[in-house]
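All values below come from the heavy atoms of this structure, side chains included, with hydrogens, waters and symmetry mates left out. These figures come from a predicted structure and were not determined experimentally. Reminder, nothing fancy here: chain letters follow the sequence lines and each chain counts from 1.
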There are 2 protein chains.
Amino acid sequence: MIDRTAPGPVRILLADDHALVRRGVRLILDGEPDLEVVAEAGDGAEALALAREHRPDLAVLDVAMPRMTGLQAARELSAALPGLRLLMLTMYDNEQYFFEALKAGAAGYVLKSVADRDLVEACRSAMRGEPFLYPGAVTALIRHYLDRARQGEGVPEKILTAREEEILKLVAEGHSSKEIAATLVISVKTVERHRANMLHKLGMRDRLELTRYAIRVGLIEP
Amino acid sequence: MIDRTAPGPVRILLADDHALVRRGVRLILDGEPDLEVVAEAGDGAEALALAREHRPDLAVLDVAMPRMTGLQAARELSAALPGLRLLMLTMYDNEQYFFEALKAGAAGYVLKSVADRDLVEACRSAMRGEPFLYPGAVTALIRHYLDRARQGEGVPEKILTAREEEILKLVAEGHSSKEIAATLVISVKTVERHRANMLHKLGMRDRLELTRYAIRVGLIEP
DNA sequence: CCGTACATGGGTGGCACCACCCATCTCGGG
DNA sequence: CCCGAGATGGGTGGTGCCACCCATGTACGG
């Protein structure tokens, strides 16, 4: 665990699949004297590896990344490096995602549509241990959630299992059951089983509705 | 039309719905002595208004924006301001998008996953009147297309007919061929015919891809 | 230690989707 | 005045999706 009472800027790991966005965010953060980007990752797996290597104080993670999403990465990061603060960066103003981010241990949730000052403020809030979220008005909601979570109480449970989400992503990307089965090295029947379970859980009729759902929750891009 | 032989930096209009991305891209471009961002827009309509007001030399447009997509904005911009150079910025490495961008009069097509140097180079290429695109290898393809467009009518014709769009909307909303046929009071076969024509035109495989397309162009909400 | 949740796999059958083939009618432009 | 584009409709056949049925193994919590 890093000693945050020590002087020097906050050391930040930045993960986003778009190099252009990374570059821009880095310029914004490095422009602040108390913030410093020490590593950049292009996906969740890389973020995990770089975090182990660089031991940053704070990780700023894009939610939608190839290979491993920012949410998965957040879960792994908070397990592997307990002292690490997490800030989620996303394009989608989505409630489900938001709660998942909190459950994954994120200290804040920042939309890409916010101004650059807000990102800087979110970083500082995260390091102070304060929750930060985009509209600012919903802070009470978060605080309430965090309080409940601290007491180990009921949290908004995940609708889909990890495996189901994995398969949903592939379904929504347009892959056939056969293709998905080949990718995951499981039987076609199992893929169809998971898909059927998701359809039933979500009250949907076909993979087209699943696709729109996946887009809504930010699992894939349209 | 602006006199590009005059000295001074290239005056750029930047349009992206994410303020954070705008800020980052602006920092990248303003870091170059020959490039200068003179206006920022958050959606296509705003881009159009700001372009009329500021008369920039170059517009860098995100493809996916609310209200009016970058592609629509590009079409309107090239009609309203013939001297304006257009550069499309996108998250999607998608061939269909790419050709639509060219049809809309774009001089280049840059992925957000590219490095910042490439964006700067793309801006300079666009101002020199050279095509720029991401892999670099397909340049001949673009040049060929642009040559044809210069001689022939540069008018970007609509890809889908009105009837096709009507049916696409219903398809993307999840209605079956039978339901659509009943709604429009035509035969199931005709619905399937239109759908097949669209699949062929757009180079797609199934209605799932059509749905994502409909969401992209703003025909329906996810 | 037992139940529940989760992931895995199989079989059958109906139906929608989609790719081919074919045709007619209308309308506007060369 | 014809010709191409668009809208309309039909048939055949393959394949994938999806709804039912069934089962086994593992892991975790009460």
Would you check, one step at a time, whether the test side-chain contact (heavy atoms from CB on, under 4.5 Å) holds for Lys169(A) with Glu165(A)?
CA-CA 6 Å; Lys169(A) 192 169 188 292; Glu165(A) 259 193 21; over 6 Å; no
Would Arg23(A) and Glu40(A) pass as an ion pair if we require N to O under 4.0 Å?
no
Heavy atoms only: give me the nearest Arg205(A)-Gly174(B) pair and the separation to one decimal.
NH1-O, 4.1 Å
For Glu166(A) and dC6(C), what is the distance between atoms CD and P respectively, to the nearest whole Å?
16 Å
So which heavy atom on Leu77(A) is nearest to which on Ala47(A), and how close?
CD2-O, 4.4 Å
Any side-chain to backbone donor/acceptor pair from Glu53(B) onto Leu50(B)? Under 3.5 Å, distance only.
no
So, the side chain of Arg11(A) versus the backbone of Asp57(A): is there a donor-acceptor pair under 3.5 Å, distance only?
no
Could you state the atom-to-atom distance from CG of Leu168(B) to P of dC18(C) in whole Å?
12 Å
Listing time: all N or O pairs from protein to nucleotides 14-17 of chain C that are below 3.5 Å?
unit_1, atom_1, unit_2, atom_2, d
dA16(C), OP1, Lys178(B), NZ, 3.2
dC17(C), OP2, Ser177(B), N, 3.1
dC17(C), OP2, Ser177(B), OG, 2.8

Please check: side-chain N/O of Glu46(A) versus main-chain N/O of Gly42(A), any donor-acceptor pairing under 3.5 Å?
yes
Whole-Å gap separating P (dT15(D)) and CG (Leu208(B)):
20 Å
If we ignore hydrogens and angles and just use 3.5 Å, is the side chain of Arg212(A) paired with the main-chain N or O of Ala172(B) as donor and acceptor?
yes
Which side-chain N or O atoms in residues 177-184 of chain B pair as donor and acceptor under 3.5 Å with protein atoms at least two apart or in another chain?
unit_1, atom_1, unit_2, atom_2, d
Ser177(B), OG, Arg195(B), NH1, 2.8
Glu179(B), OE1, His175(B), ND1, 3.4
Glu179(B), OE1, Ser176(B), N, 2.9
Thr183(B), OG1, Glu179(B), O, 2.9

Which nucleotides of nucleotides 25-30 of chain C have their base under 4.0 Å from a protein heavy atom (B), which only their sugar-phosphate (S), and which neither (-), written as one string 5' to 3'?
------
Taking Glu164(B) for its side chain and Leu160(B) for its backbone only, find out whether a donor-acceptor pair lies under 3.5 Å.
no
Criterion side-chain contact (heavy atoms from CB on, under 4.5 Å) on Ile167(B) and Met198(B), from CA distance to verdict:
CA-CA 10 Å; Ile167(B) 286 167; Met198(B) 287 189 279; 3.9 Å; yes
Using the side chain to side chain contact (heavy atoms under 4.5 Å, CB included) criterion, which residues pair with Leu29(A)? Sequence neighbours excluded.
Ile12(A), Val25(A), Leu35(A), Val37(A), Leu119(A), Val120(A), Cys123(A)
Taking five pairs at each end, how big is the angle between the two axes of the helix from dC1(C)-dG30(D) to dG30(C)-dC1(D), to 10°?
40°
Protein-nucleotides 5-11 of chain D N/O pairs closer than 3.5 Å?
unit_1, atom_1, unit_2, atom_2, d
dA7(D), OP1, Thr161(B), OG1, 3.0
dA7(D), OP2, Thr161(B), OG1, 3.0
dT8(D), OP1, Arg163(B), NE, 3.2
dT8(D), OP1, Arg163(B), NH2, 2.7
dT8(D), OP2, Arg163(B), NE, 3.2
dT8(D), OP2, His194(B), NE2, 2.7
dG9(D), OP2, Ser187(B), N, 2.6
dG9(D), OP2, Thr190(B), OG1, 2.9
dG10(D), OP2, Ser187(B), OG, 3.0
dG11(D), O6, Lys189(B), NZ, 2.9

When rounded to whole Å, the CZ to P distance for the pair Arg205(B) and dG16(D) reads 10 Å
So does Arg207(A) pair up with Asp206(B), basic N to acidic O under 4.0 Å?
yes
